[in-house]
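Report on the structure given below.
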Amino acid sequence: MSAATLIRNGRIVTAGDDFRADVLIEHGRIEAIGRALPAGPGAVVHDAAGCYVLPGAVDVHTHLDSATPTASTVDDFAVGTRAAAFGGTTTIVDYCTPPPGAGLMAGLDDWHRRRASACVDVGAHMIVRDAGPATLAEMKMLIEREGITSFKFFMAYPGALMLEDGALFRALAAAGALGALCCVHAENGPVIATLVEAALARGDTAPRHHATTRPAALEGEAAQRAIELAALAGAPLYVVHLSTAEGLQAVQRARERGQPVFAETCPQYLLLDDAVYEAEGFEGAKYVMSPPIRPARHGEALWRGLRTGDIQTVATDHCAFTFGDEPHGLTHSKRLGLAAFNRIPNGAPGVETRLPLMHDAAVLQHGMSLNRLVDLVATAPARLFGMYPRKGTVAVGSDADLVLFDPNERWTVRAALHHSRSDYSLFEGRTVTGRVKKVFLRGQCIIDGPQWLGREGMGQYLARGASGRA
Ligand code: DUC
Ligand code: ZN
Ligand code: ZN
C-alpha cells in the first residue's frame with residue numbers, strides 16, 4: 001500500500017474555486033482538502049508555499065507515434081507523455097488513426113500496443129475514414145467496449161482521410177444516435193487540393209504556400225457546412241484546432257441558436273501570426289501545420305471567442321516532427337518537403353508548453369481569471385470528453401493529478417531544454433512568467449523541478465464516459 005502524501009500551504013485553483021488549503025492523497029486519490037491537515041505517520045510532505053495547486057492539465061489533442069501521409073510523428077508515447085508531464089499535463093486524449101483499409105478495432109489494437117509505454121494517463125479518439133456499415137458497427141463497439149466516446153471526421157485530404165459530405169452526414173448521424181461527440185477537421189479539402197495543384201504548377205513550392213493554399217474562408221465554409229450537417233444529423237459537434245474568425249463566427253451562430261457545438265483552439269493560433277512564413281529559406285517549414293498559422297486578425301478573434309465562452313478548450317495538436325534529419329532520420333523530418341511544401345510533414349510540437357504559455361498570455365497579458373485558465377486547459381476538456389470529475393479538478397475522490405505551479409518564475413522557451421524529440425519549438429526564445437515545479441500523477445510525484453521521477457508504462461488507459469456534455 002502506498003504511503004499518504006500531503007501537499008501543504010498551496011493555493012488551490014480550480015475552474016470554480018481559489019482558496020488556500022492542504023491536499024491529502026491516499027491510494028492515488030484526493031482523500032481530503034482542508035486547513036492544517038495532519039500528515040499522519042509515514043506521510044510524504046511537499047511544501048507548495050508560493051505555488052498554485054492546479055489540477056493536472058488535460059490535452060485532448062495529440063498525435064503520438066502516428067503515421068501521417070508524409071511521415072510518422074517523432075514522439076512515441078513514452079517521450080511525448082513525458083514531455084507532456086514536464087508541462088503539467090497528466091492526461092492526454094490521442095488520435096488513433098487506423099491505417100487505410102484497416103478496421104477501427106484493428107487500428108485500436110495497434111494503438112494500444114504503442115500507448116503501453118505512456119507515462120501519463122491516455123484515452124483515444126478514433127479517426128473514421130469511411131462511413132460503411134462495418135465502420136458504423138465498430139463505432140458502437142468502441143463506445144461500449146472501449147470507452148471511446150468521440151470520433152474525428154476529416155473534411156480535408158481528399159483521397160486519404162476525407163469523408164465526402166454524404167459519408168460525413170452518415171457518420172455524424174451514427175455518432176449522434178450513439179451519443180458520441182463528433183470532432184471535425186473543418187477545411188474544404190477539394191478546394192485546397194485545387195489551390196495546391198495550381199501553386200505547384202506555378203512553381204510556388206516554398207513552405208509559405210502551405211498557408212496561401214489554405215485560406216481562412218475554407219475553414220469558415222467547412223465549419224458552417226459541418227454545423228449544418230450536424231444539426232440535420234442530430235449530432236453534437238466539436239470543431240478541433242479552430243484557427244479563424246470565419247470558423248468562430250460559424251460556431252457562434254450555431255451556439256446562439258442552441259445547437260450543441262463546441263470549439264477548441266491551440267496556443268499557436270492565439271500567439272503567432274502568418275509573419276512566421278516570411279522567414280528565410282526553409283525555416284517556414286517549422287510552421288507547416290493544418291490549419292496554418294493565420295494573419296493576426298484571426299488570433300484577435302480567437303481571444304474574443306475565449307472570453308465569450310464560444311471556444312471551450314485549448315489543446316495542443318502536438319504532432320511533432322524534426323526540422324533537421326539528425327539523429328532521428330529523414331523519415332521524421334520536415335526536410336522531406338524541401339522540394340515542395342505539400343510534402344512537408346504536417347504538424348508541430350507543443351505538448352510541453354501549453355500551460356505556461358497560456359498562463360502568461362491569458363492570465364498575465366489578457367487579464368483572464370485563473371479559474372478560466374484551469375477551465376480551458378483541464379476542466380472543460382475533461383468534462384466534454386467524459387473524464388470529469390476523475391480528471392480536470394481538485395476535489396475529494398478525484399485522481400490526485402496535481403501541478404504545483406510557480407506563477408512568478410520567468411523563463412525562456414528553448415527547444416534545447418524541452419523533452420520532445422523535436423529539435424525546434426514554435427515558441428523558441430519567448431520569455432514567459434509561470435513555471436511547472438512539481439507534477440503528481442495519481443499521487444505519485446513524477447516531476448520535481450528538472451527531475452523526472454516517473455516511469456514509462458505508468459500511464460493508465462482511460463475508458464471514457466459520455467462525451468459532448470457541456
Ligand atoms: N489535423 C490535425 O488535427 N493534426 C495534424 C494534421 C491535421 O490535419
Ligand atoms: Zn485536423
Ligand atoms: Zn491533430
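Both ligands and their constituent atoms are indexed starting at 1 by order of listing.
Salt bridge status for R421 with D76: present, with a side-chain N to carboxylate O gap under 4.0 Å.
A cation-pi arrangement, defined by a distance under 6.0 Å to the six-membered ring centre and an angle within 45 degrees of its axis, is absent between R464 and F385.
Residue-level proximity to ligand 1 for H241 is carried by the side chain, the only part with a heavy atom below 4.0 angstrom. Contacts of E264 with ligand 1, taken as heavy-atom pairs under 4.0 Å, are absent altogether. For Y157, every heavy-atom contact with ligand 1 shorter than 4.0 Å involves the side chain, none the backbone.
Applying the ring pair (Phe, Tyr, Trp, His ring centres under 6.0 Å) test to pairs two or more places apart or on separate chains, those with a residue in residues 179-230 are F154-H185, Y157-H185, H185-H241.
A side-chain donor from one of D75 and H318 sits under 3.5 Å from a side-chain acceptor of the other.
Remark: side-chain polar atoms of S422 are paired, donor with acceptor, to backbone N or O of F321 under 3.5 angstrom. The backbone N or O of V261 lies less than 3.5 Å from no partner atom in the side chain of Q259, so there is not a single donor-acceptor pair. Here the side chain of R82 pairs no donor or acceptor atom with the backbone of C119 at under 3.5 angstrom.
The local environment of CZ in R145 is sparse, with at most 12 non-hydrogen atoms from other residues, nucleotides or ligands closer than 6.0 Å. No more than 12 heavy atoms of other residues, nucleotides or ligands lie within 6.0 Å of CZ in R208, so this atom counts as exposed by the packing criterion. Counting non-hydrogen atoms of other residues, nucleotides and ligands closer than 6.0 Å to CD of E197 gives a total of 12 or fewer.
Ligand 1 has H61 within reach: a non-hydrogen atom of the residue lies less than 4.0 Å from it. Residue contacts with ligand 1 include K152, since one or more of its heavy atoms lies under 4.0 Å from the ligand. Not a single heavy atom of V240 sits closer than 4.0 Å to an atom of ligand 1.
Set against the non-hydrogen atoms of H185, the atoms of ligand 1 under 4.0 Å away are 1 (N), 7 (C), 8 (O). Near D317, meaning under 4.0 Å from any of its heavy atoms, are these atoms of ligand 1: 2 (C), 3 (O), 4 (N), 5 (C). For ligand 1 and S290, the ligand atoms under 4.0 Å from any heavy atom of the residue are 1 (N), 7 (C), 8 (O).
For the Zn ion (ligand 2), protein N, O or S atoms closer than 2.8 Å were enumerated as K152 NZ, H185 ND1, H241 NE2, with waters left out.
The atom name of the N/O/S atom in H63 closest to the Zn ion (ligand 3) is NE2.
Taking only nitrogen or oxygen atoms, main chain and side chain alike, N346 does not reach within less than 3.5 Å of ligand 1.
Residue A180 comes nearest to P236 through the heavy atom pair O-CG, 3.5 Å, listed as atom of the first residue, atom of the second, then distance.
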